[in-house]
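See below for the structure under consideration.
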Amino acid sequence: MKHYSFSMIPIPPFSLELTAGYQTYFQGEVGADVFKGKVYYRLQELDGRLFLLSVRETGNVEVPQLEVTLNGEEFSESDAEQARRTVTHILATDIDLSQFYKLSSADPILTSFIKRFRGLHPPRMPTIFEGMIFAVAGQQISSTVARLIRTLIVKRYGSSIRLNEHVYYGFPSPQQILDTGINGLLEIKLSRRKAEYILGIASRAARGELELNIFKSLSDEEILETLDSLHGVGRWSAEWVLLRAMGRLNVFPAGDLALRATVSNYYFGGRKLSEEEARSFAERWSPFKTLATSYLFAGRRLSV
DNA sequence: AGCCAGGCTCTCG
DNA sequence: CGAGAGCATGGC
């Protein structure tokens, strides 16, 4: 296997540990994203060929610099540029947090999380497909079960490579999901209905209808409407994709039970909030509702 | 044992 | 329209 390295400068402040940790938090013991020994790994297809991307911090939070290494069998000229774009997208190194930090100085709760999680960028999943499968797999069930199922999806149906005694798994392609069929999906503890939704999403993705660039010029509301029309994708899943795959910065998934509980704990002394109450309360964080959401979730993890 | 968990669709009134 | 059932599984 050959390798190639280059460096990248994220917009400061940037913490690889916090950002990669946020990305892997939703996954189980085996995931398409791995963070261990201070290195972020992802097995990723670029231009039809598999590469293992490894990212390590060679600077610090205030003056960040990343070293990216590609391991693969066969290289072409554009690989480095594609890898750079992919890492930029996943680790959100292009997001400038300073306006959000400034705007939040009037909010003591967010301010304390910002101090604690300084440099946390809102990571993105590489494709809408991956975000949707994650969302559907996690609908309604506890995060424990969601992680278990996500592990099985990746471990059973993704590609894998072995490097230095470790096995790395990639997120399955739409075709790999289609190939497993309904029975393959039932084996990994998905309900029959969710399995059908996932196959439907996979066939749309396989036809190229879920490419990120298709949605680039659309507004958040237009995208929500489009995604909502997919079978198995409601408001919660659509917002999750908007936030976690497309990287839109002003999304607050008020339907999310855990997010509502977090807002309720920190801002309402535990009083339960309706979805609409939570949604309108979150307007105070506009136009950075996504960032507020990320920092609230990060804070919640300290106490749960 | 039974209810809830980081929802969604379908049916029925 | 709104309300209610059903779904899979693990944890408590």
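Quick note on labels: first sequence line is chain A, next is B, and so on, each numbered from 1.
In this structure, the side chain of A:Q27 engages the main chain of A:D33 through a donor-acceptor pair within 3.5 Å.
With a 4.5 Å cut-off on side-chain heavy atoms, A:L302 and A:F117 count as touching.
Using a 4.5 Å cut-off between side-chain heavy atoms of Ile, Leu, Val, Met, Phe, Trp and Tyr, A:I161 falls into a hydrophobic cluster with A:M1, A:V34, A:V39, A:Y41, A:L43, A:L50, A:L52, A:L163, A:Y168.
A:D107 meets the side-chain contact (heavy atoms from CB on, under 4.5 Å) test with A:I109, A:L110, A:Y267, A:W285; sequence neighbours excluded. Judged as a side-chain contact (heavy atoms from CB on, under 4.5 Å), and not counting sequence neighbours, the contacts of A:S274 are A:E276, A:E277. For the side-chain contact (heavy atoms from CB on, under 4.5 Å) test, residues two or more places apart in sequence or in another chain that qualify with A:T290 are A:P122, A:L243, A:V251, A:S294.
The salt bridge (charged side-chain N to carboxylate O under 4.0 Å, His left out) pairs that include a residue from residues 216-227 of chain A are A:D220-A:R248, where partners are two or more places apart or lie in different chains. Counting only residues at least two apart or in different chains, salt bridge (charged side-chain N to carboxylate O under 4.0 Å, His left out) contacts with residues 56-73 of chain A comprise A:R56-A:E67, A:E62-A:R118. Screening residues 141-162 of chain A for salt bridge (charged side-chain N to carboxylate O under 4.0 Å, His left out) gives A:R156-A:E187 as the qualifying pairs, with residues at least two apart or on separate chains.
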Anything under 3.5 Å between a donor and an acceptor, one on a side chain of residues 127-136 of chain A, the other on a protein residue two or more places apart or in another chain? List them.
unit_1: A:T127; atom_1: OG1; unit_2: A:E130; atom_2: N; d: 3.0
unit_1: A:E130; atom_1: OE1; unit_2: A:R42; atom_2: NH2; d: 2.7
unit_1: A:E130; atom_1: OE2; unit_2: A:R42; atom_2: NH1; d: 3.2

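Within the nucleic acid shown, A:L259 has no heavy atom closer than 4.0 Å to any nucleic acid atom. Using a 4.0 Å heavy-atom criterion, one finds that A:L230 contacts the sugar-phosphate atoms exclusively. Using a 4.0 Å heavy-atom criterion, one finds that A:R235 contacts the sugar-phosphate atoms exclusively. Among the atoms of the strands shown, base atoms are found under 4.0 Å from some heavy atom of A:F297. Base engagement by A:Y25 is indicated by at least one non-hydrogen atom pair under 4.0 Å involving a base atom. Across all strands shown, A:V233 has heavy atoms under 4.0 Å from sugar-phosphate atoms exclusively, and none from any base.
A salt bridge between A:D94 and A:R124 is present, with a side-chain N of the basic residue lying under 4.0 Å from a carboxylate O of the acidic one. With salt bridges taken as basic N to acidic carboxylate O contacts below 4.0 Å, none links A:R49 and A:E45.
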What N/O pairs connect the protein and nucleotides 4-7 of chain C at under 3.5 Å? Give each pair on its own line.
unit_1: C:dG6; atom_1: N2; unit_2: A:R193; atom_2: NH1; d: 3.1
unit_1: C:dG6; atom_1: N2; unit_2: A:R193; atom_2: NH2; d: 2.1
unit_1: C:dG6; atom_1: N3; unit_2: A:R193; atom_2: NH2; d: 3.4
unit_1: C:dC7; atom_1: O2; unit_2: A:R193; atom_2: NH2; d: 3.2

Are any protein N/O atoms closer than 3.5 Å to N/O atoms in nucleotides 10-12 of chain C? If there are, list each pair with its distance.
unit_1: C:dG10; atom_1: OP1; unit_2: A:K189; atom_2: NZ; d: 3.2

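Only the P atoms considered, B:dG6 is 22 Å distant from C:dA5, to the nearest whole Å. B:dA1 sits 16 Å from C:dT9 when the C1' atoms are compared, rounded to a whole Å. The same atom, P, is picked in B:dC3 and in C:dG4; the two are 16 Å apart, to the nearest Å.
Separating the NZ atom of A:K194 from the P atom of C:dT9 is a distance of 11 Å, rounded to the nearest angstrom.
Classification of the A:F26-A:Y22 ring pair by plane angle, with boundaries at 30° and 60°, yields perpendicular.
Nearest heavy-atom pair, A:V154 versus A:G170, reported as atom, atom and distance to 0.1 Å: CG1-O, 3.9 Å.
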Q: Represent DNA chain B in dot-bracket notation, 5' to 3'. Only Watson-Crick or G-U wobble pairs with both distances under 3.5 Å count; pseudoknot-style crossings use [ ] and interstrand partners use |.
A: .||||.|||||||
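When DNA chain B is scanned 5' to 3' for any atom under 4.0 Å from a heavy atom of chain A, the first and last hits are B:dA5 to B:dC10.
Ranked by how close their nearest DNA chain B nucleotide is to the 5' end, A:I141 and A:G232 are led by A:I141. Between A:H231 and A:W240, the one whose closest nucleotide on DNA chain B sits nearer the 5' end is A:W240.
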